[in-house]
Amino acid sequence: MSNKTIQMSRMWKYFIEATVEIIQEDGIEQVTIRKVADRAGYNSATIYNYFGEVSHLIFFASMKLLQDYVEEVSNYIKNGQTPLEKYWLSWECFCKHSFKQPSIFHAVFIMNLGDHPEKLIEDYYEMYPAELINVPDELKPILFERRITMRGKSLLQQAAQQKQIAEDHIESLNDMTILVWQGMLTNILNNRLDYDLATAEKKTLDYIHQLVEMAKVH
């Protein structure tokens with residue numbers, strides 16, 4: 001690794017860590033370029049040498065705050081005996097963590113990041129490769145996939161191959177489960193629902209479970 005790359009990596013991490021601290025102390029909505037620069041000890045102009053916009057900083061910091069989820073989802077999926085069980089368990093873990101940190105999951109999976117959001121994930125794991133050490137190979141494609149529409153599709157395709165669901169149900173099941181989660185999370189963030197996060201999580205899982213059951217081959 002060249003000295004220039006090492007220096008770039010070091011600066012990159014300074015700004016991400018500063019953003020993480022602001023999120024943890026003040027909330028994600030309080031992140032600004034100026035606050036991050038002040039926290040890291042640099043001027044605002046320096047940040048733009050490394051990040052195109054504040055949403056990218058928020059995205060990278062939110063990825064850093066997903067580590068509890070990344071570590072736990074591996075263990076969840078190991079308990080599944082079939083692709084459909086693994087699909088359900090992956091949703092169970094995803095909902096458990098996303099409704100505890102709705103703003104963080106919104107920043108990673110829903111927020112507009114401009115073009116090529118997948119490249120941002122590659123950049124993140126290039127800077128923090130140690131975070132992938134204990135991740136099983138079957139989970140790595142999911143972690144590298146920012147488009148939530150693609151994250152569970154491989155498991156559903158395996159489920160269809162094993163005749164657990166009909167092949168023509170893959171798209172609809174995948175789309176409907178995602179829309180249930182996105183709608184619930186967005187409504188929670190926008191204060192459009194009159195129940196708490198725990199209730200939102202339970203309702204989301206109930207709806208997803210019903211959709212999975214309806215898609216099964218009986």
Is it the case that over 12 heavy atoms from other parts of the model lie below 6.0 angstrom from the CD atom of Glu53? yes
Looking only at the side chains, is there a donor atom on one of Gln162 and Thr82 sitting less than 3.5 Å from an acceptor on the other? no
Using the benzene-type ring in the case of Trp, are the ring centres of Phe109 and Phe59 under 6.0 Å apart? no
Any chance you could measure His97, atom NE2, to Gln67, atom CD, to the nearest 0.5 Å? 11.0 Å
Considering all heavy atoms, the nearest Met111-Ile58 contact: CE-CG2, 4.2 Å
Separation of Tyr207 OH from Thr204 OG1 (nearest 0.5 Å): 8.0 Å
Inter-residue atom distance Ile170.CD1 - Ser154.OG, 0.5 Å rounding: 10.5 Å
For Phe60 and Phe15, I'd like to know if the aromatic rings sit close, meaning centre-to-centre distance below 6.0 Å. no
When you compare the side chains of Asp196 and Thr199, does any donor N or O come within less than 3.5 Å of an acceptor on the partner? yes
Rounding to 0.5 Å, atoms CG (Leu57) and OG1 (Thr19) come to a distance of 4.0 Å
Under the 3.5 angstrom rule, does the side chain of Asn190 hit a backbone N or O of Arg192 as a donor-acceptor pair? no
Which value, rounded to the nearest 0.5 Å, describes the distance between Leu89 atom CG and Lys78 atom NZ? 13.0 Å
When rounded to the nearest 0.5 Å, the distance separating CD of Glu201 from NZ of Lys100 is 7.5 Å
Please give me the minimum heavy-atom distance between Ala166 and Val217, naming the atom from each residue. N-CG2, 3.6 Å
Given the side-chain rings of Phe51 and Trp12, with only the six-membered ring counted for Trp, is the space between their centroids under 6.0 Å? yes
Salt-bridge contact Glu171-Lys153 (side-chain N to carboxylate O under 4.0 Å): yes
Look only at the side chain of Ser172 and the backbone of His169, and say whether a donor-acceptor pair between them is shorter than 3.5 Å. yes
Measure from the ring center of Phe94 to the ring center of Tyr76 and say whether it is less than 6.0 Å. no
